[in-house]
Amino acid sequence: MSPVTESDLPPQTLGARVVATKVFVTGLKVDAHIGVYAHERGRTQPLVIDVELDAATAGAEHLSDTVNYELVAEAARQLAGAGHIGLVETFAERLALACLEDPKVSRARVRVDKPQALAPHAESAGVEVVLVRA
């Protein structure tokens with residue numbers, strides 16, 4: 001059996017079709033001004049972010065055909081640097097909305113962990129939101 005190369009594959013091989021493409025960023029670390037308590041104001045806290053996007057990218061051969069995950073990371077960094085946010089829920093929802101600005105994205109799942117939230121009693125606390133294109 002010889003290996004199949006990318007050039008050997010037609011767009012539709014024996015009836016196979018792409019049913020879902022997941023683009024993801026896992027474990028992205030950013031420092032953000034976040035929190036509702038007085039001791040959280042005026043300082044940054046680390047966040048760990050996971051993003052999973054459902055995207056229409058079947059047959060993608062160029063970066064412009066898919067979702068550039070560097071842009072996802074950049075959106076998270078910009079959001080973290082944009083000023084104080086009270087809730088991780090707000091951060092997660094804003095990041096998911098930014099991801100949905102790409103017309104190829106139909107669903108965005110964003111998980112935001114706040115490792116210092118319950119330290120030293122818990123490894124992390126946070127939230128996960130899922131937004132779908134209406």
Side-chain angles (χ1 to χ4, degrees):
M1 177 178 272
S2 63
V4 176
T5 65
E6 196 172 305
S7 62
D8 296 329
L9 295 173
Q12 299 291 332
T13 305
L14 301 174
R17 61 189 172 90
V18 176
V19 294
T21 299
K22 303 262 186 213
V23 176
F24 60 90
V25 175
T26 304
L28 178 68
K29 294 171 178 66
V30 299
D31 289 323
H33 290 274
I34 193 161
V36 296
Y37 297 109
H39 70 274
E40 295 177 303
R41 298 215 174 254
R43 66 179 186 96
T44 61
Q45 295 184 69
L47 300 178
V48 181
I49 302 164
D50 296 336
V51 176
E52 179 185 274
L53 308 173
D54 289 354
T57 63
E61 293 187 20
H62 305 284
L63 186 56
S64 61
D65 298 332
T66 189
V67 177
N68 183 341
Y69 45 78
E70 179 55 40
L71 296 178
V72 174
E74 181 58 31
R77 288 189 291 265
Q78 285 182 0
L79 185 56
H84 190 89
I85 295 175
L87 300 171
V88 291
E89 289 86 347
T90 303
F91 187 99
E93 188 172 328
R94 287 180 185 173
L95 182 54
L97 286 168
C99 292
L100 286 171
E101 288 179 9
D102 185 324
K104 293 182 287 297
V105 175
S106 60
R107 176 185 164 275
R109 181 189 64 80
V110 176
R111 177 186 172 110
V112 179
D113 287 294
K114 192 174 170 188
Q116 295 177 350
L118 297 175
H121 306 290
E123 188 174 306
S124 189
V127 67
E128 181 174 295
V129 300
V130 178
L131 275 65
V132 296
R133 186 174 302 287

Each residue besides V132 in its hydrophobic cluster should be listed here, by chain and number; the cluster joins Ile, Leu, Val, Met, Phe, Trp and Tyr at side-chain heavy-atom distances under 4.5 Å. none
Please tell me whether V48 and V110 are part of a single hydrophobic cluster in this structure, the criterion being side-chain heavy atoms less than 4.5 Å apart. no
With H39 via ring pair (Phe, Tyr, Trp, His ring centres under 6.0 Å) - residues at least two apart: Y37
Side-chain contact, heavy-atom cut-off 4.5 Å: V30 with I49? yes
Heavy-atom check, side chain of L79 versus side chain of I85, under 4.5 Å: yes
Just verifying a value: how many Å separate [X] [atom1] and [Y] [atom2], rounded to the nearest 0.5 Å?
{"X": "T90", "Y": "L95", "atom1": "OG1", "atom2": "CG", "value": "12.5 Å"}
{"X": "E40", "Y": "H33", "atom1": "CD", "atom2": "NE2", "value": "12.5 Å"}
{"X": "L47", "Y": "Q116", "atom1": "CG", "atom2": "CD", "value": "9.5 Å"}

Test item: [X] side-chain N/O and [Y] main-chain N/O as donor-acceptor pair under 3.5 Å:
{"X": "H84", "Y": "G35", "value": "yes"}
{"X": "Q78", "Y": "E74", "value": "no"}
{"X": "R133", "Y": "V105", "value": "yes"}

Taking all atoms of both residues into account, what is the closest heavy-atom pair of [X] and [Y], and its distance?
{"X": "V67", "Y": "A55", "answer": "CG2-CB, 3.7 Å"}
{"X": "V112", "Y": "A92", "answer": "CG2-CB, 3.7 Å"}
{"X": "R109", "Y": "V130", "answer": "CG-CG2, 3.8 Å"}
{"X": "Y69", "Y": "F24", "answer": "CB-O, 4.4 Å"}
{"X": "K104", "Y": "D65", "answer": "CD-O, 3.6 Å"}
{"X": "A73", "Y": "L28", "answer": "CA-CD2, 3.8 Å"}

Does the salt bridge (Lys or Arg N to Asp or Glu O under 4.0 Å) test come out yes or no for R107 and E52, once each step is laid out? CA-CA 8 Å; R107 176 185 164 275; E52 179 185 274; 3.2 Å; yes
Salt bridge (charged side-chain N to carboxylate O under 4.0 Å, His left out) filter on E70, not counting sequence neighbours, yields R77
Taking atom NZ of K22 as the centre, does the number of heavy atoms from other residues, nucleotides or ligands within less than 6.0 Å exceed 12? yes
